[in-house]
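Excluded from the calculations below are hydrogen atoms, water molecules and symmetry mates; all remaining heavy atoms, backbone and side chain alike, are included.
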Amino acid sequence: MDILSNLALGFGVALSPYTLFLAVCGCFLGTIIGALPGLGPSNGVAILIPITFTLGLDATSALVLMTSVYYGAMYGGRISSILLNIPGDEPALMTTLDGYPMAKQGRAGDALVLSGVASFVGAFLATIGLMLLAPSLARVAFLFGPAEYFALYLLAFCTLGGMASNNQAKAALAACIGLGIATIGVDSSSGLPRLTGGNLHLYDGVDFLVAIVGLFAIAEVFFFIESHGKGSSIGVKLDKVGIPWGDIWDTKWTMLRSSAVGFIAGILPGAGASLGSFMAYMSEKSIAGEKGGFGTGVPKGVAAPEAGNNAAAGGALVPMLTLGVPGSGTTAVLLALLMTLNITPGPTLFTDRPEVVWGLIASLLIANIVLLLMNVPMVKIFVKILMVPAWILLPGVTMISFVGIYSLSGSYFDLLMMVGFGALGYILRKLDIPTVPVILGILLGGNMEDALRRAMTLSDGDVTYLFSSPIAIGLWVAAIAGFVAPMFLRNILKKPQAITD
């Protein structure tokens with residue numbers, strides 16, 4: 001009954017005309033962002049965060065808008081994967097394996113509609129799972145003390161970004177860079193400035209929104225100028241778009257199984273939608289066997305990764321809302337947004353600000369329906385977005401970033417620092433060093449330091465206190481496994497094209 005009453009509260013918030021308008025706008029913008037090759041949900045949310053402050057949105061409205069963009073980008077990533085054989089984002093990589101061959105068979109419209117339905121099933125079931133599981137996990141979170149939280153933050157650092165990097169050492173280096181940036185400012189215990197270089201602007205530390213917009217949005221502008229300056233063109237012609245009822249019916253169990261696999265992958269801190277997409281595709285490929293024809297353009301090969309990555313996107317919201325630990329790169333950006341709005345994710349969020357949590361859940365349920373209705377009849381419109389020339393797109397992204405950050409702080413120094421982070425992000429990407437661990441270090445570095453200090457204070461400096469409970473030991477084991485496992489699984493996870501060989 002508590003869930004029903006809380007859901008009623010959420011729909012009371014979500015069905016207000018203004019919130020509903022924001023959800024629809026977020027879905028539309030997110031689909032466009034996801035369709036553009038290379039942007040993806042992390043960059044899209046980071047680019048649009050400044051708009052929330054320019055519009056003066058409250059916490060609930062801002063979160064509804066950004067999560068709608070998040071879900072919309074997950075939907076949109078399939079468009080360029082199917083038509084161009086270029087993933088809109090990393091989770092959509094597995095969709096290219098059967099989506100593009102299906103499009104070359106003259107079934108591009110069927111592939112786009114089927115992938116849209118699979119995305120809806122995965123995202124909708126994940127939102128139901130979020131609604132049912134998050135309150136229970138929030139109650140478990142009350143068992144966490146400083147030792148457990150320190151181990152949990154360590155788990156996030158060891159896993160988040162590891163799957164996306166070609167080298168675990170580079171992921172560790174990126175995390176150390178983020179932790180180093182997090183120490184800039186006045187130390188809360190001693191009151192002494194750290195790593196400020198005598199610059200008064202740095203006494204308050206580095207604003208993580210400035211870092212996020214720089215590392216994602218501005219760096220993407222630099223990178224896009226270099227690699228995509230001439231724009232793109234449609235690789236497969238899209239003719240008539242209909243609803244392939246037969247394919248949808250034949251893949252119904254594939255969608256359900258892939259949604260479950262993806263949701264579980266999304267809950268794991270650091271796994272994210274990429275692993276959810278991969279696990280869903282590989283599990284269905286193993287079930288179908290060699291006669292399944294995966295990699296040749298079969299509908300199940302399109303439905304499985306799309307249901308898996310969208311379910312993982314919803315699952316990643318569970319640890320962010322209940323534990324304050326992001327489950328993916330995009331939820332790390334959303335976590336920064338919440339912290340800027342003075343909203344502290346964690347177990348108390350469900351009791352202190354229920355309208356935020358349940359308004360978000362209800363809005364996601366509505367957004368999924370909006371995305372399904374939007375992505376089927378309007379797919380040709382979204383396809384034309386792929387033809388927008390870079391000379392129009394890049395100035396728009398840059399303008400949004402600069403105006404948004406300046407309206408937030410009114411400081412020219414923040415604009416300079418944002419450009420500096422953009423240059424840093426560009427260099428890191430050229431060196432194949434992931435930027436998500438840098439963001440995570442800036443976001444969680446202060447909390448991780450506080451947890452370590454409290455643990456050492458309670459134990460009089462006894463380091464073994466960090467391993468004093470079964471929960472802490474389990475998290476330490478998971479962190480070590482999460483850091484080491486990708487070293488052995490790299491060839492499988494990073495070479496999905498070999499599946500079709």
Has the side chain of [X] got a donor or acceptor atom that lies under 3.5 Å from a matching backbone atom of [Y]?
| X | Y | answer |
| --- | --- | --- |
| Arg194 | Val186 | no |
| Ser469 | Ala472 | yes |
| Trp476 | Leu466 | yes |
| Tyr75 | Phe120 | yes |
| Thr196 | Pro193 | no |
| Lys430 | Gly425 | no |
| Ser61 | Leu57 | no |

Requested in this report: With Met66 as reference, evaluate Leu360, Thr52, Leu338 under the side-chain contact (heavy atoms from CB on, under 4.5 Å) test and give the passing residue.
Outcome: Thr52
Heavy atoms, side chains only, cut-off 4.5 Å: are [X] and [Y] in contact?
| X | Y | answer |
| --- | --- | --- |
| Tyr71 | Thr127 | yes |
| Phe28 | Val370 | no |
| Ser258 | Tyr281 | no |
| Thr457 | Arg454 | no |

Query raised in the report: Going through the distances and angles, do Arg353 and Val357 end up as a side-chain contact (heavy atoms from CB on, under 4.5 Å)?
Result: CA-CA 7 Å; Arg353 299 296 298 272; Val357 177; 5.8 Å; no
Query raised in the report: More than 12 non-hydrogen atoms from neighbouring residues, nucleotides or ligands closer than 6.0 Å to CZ on Phe21, yes or no?
Result: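 Atom CZ in Phe21 is not packed in, count stays at 12 or less.
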Requested in this report: Verify side-chain contact (heavy atoms from CB on, under 4.5 Å) between Leu334 and Leu317, making sure each step is shown before the conclusion.
Outcome: CA-CA 9 Å; Leu334 292 174; Leu317 292 172; 4.1 Å; yes
Query - Straight-line distance of Ile218 CD1 to Leu415 CG, nearest 0.5 Å - result: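 It is 9.5 Å, given to the nearest 0.5 Å.
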Query - Closest heavy-atom pair and its distance - Gly122, Ser259 - result: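 In this case the closest contact between Gly122 and Ser259 is CA-OG, 3.2 Å.
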Query raised in the report: Taking all non-hydrogen atoms of both residues, which atom of Gly72 and which atom of Leu371 are closest, and how far apart?
Result: CA-CD2, 3.7 Å
Report task. Dump the intermediate steps for side-chain contact (heavy atoms from CB on, under 4.5 Å) on Thr183 and Leu179, then the final yes or no. Result -> CA-CA 7 Å; Thr183 62; Leu179 289 172; 5.8 Å; no
Query - Residues Asp58 and Thr60: side-chain donor-acceptor under 3.5 angstrom - result: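 Their side chains do not contain a donor-acceptor pair, so the 3.5 Å distance test is not met.
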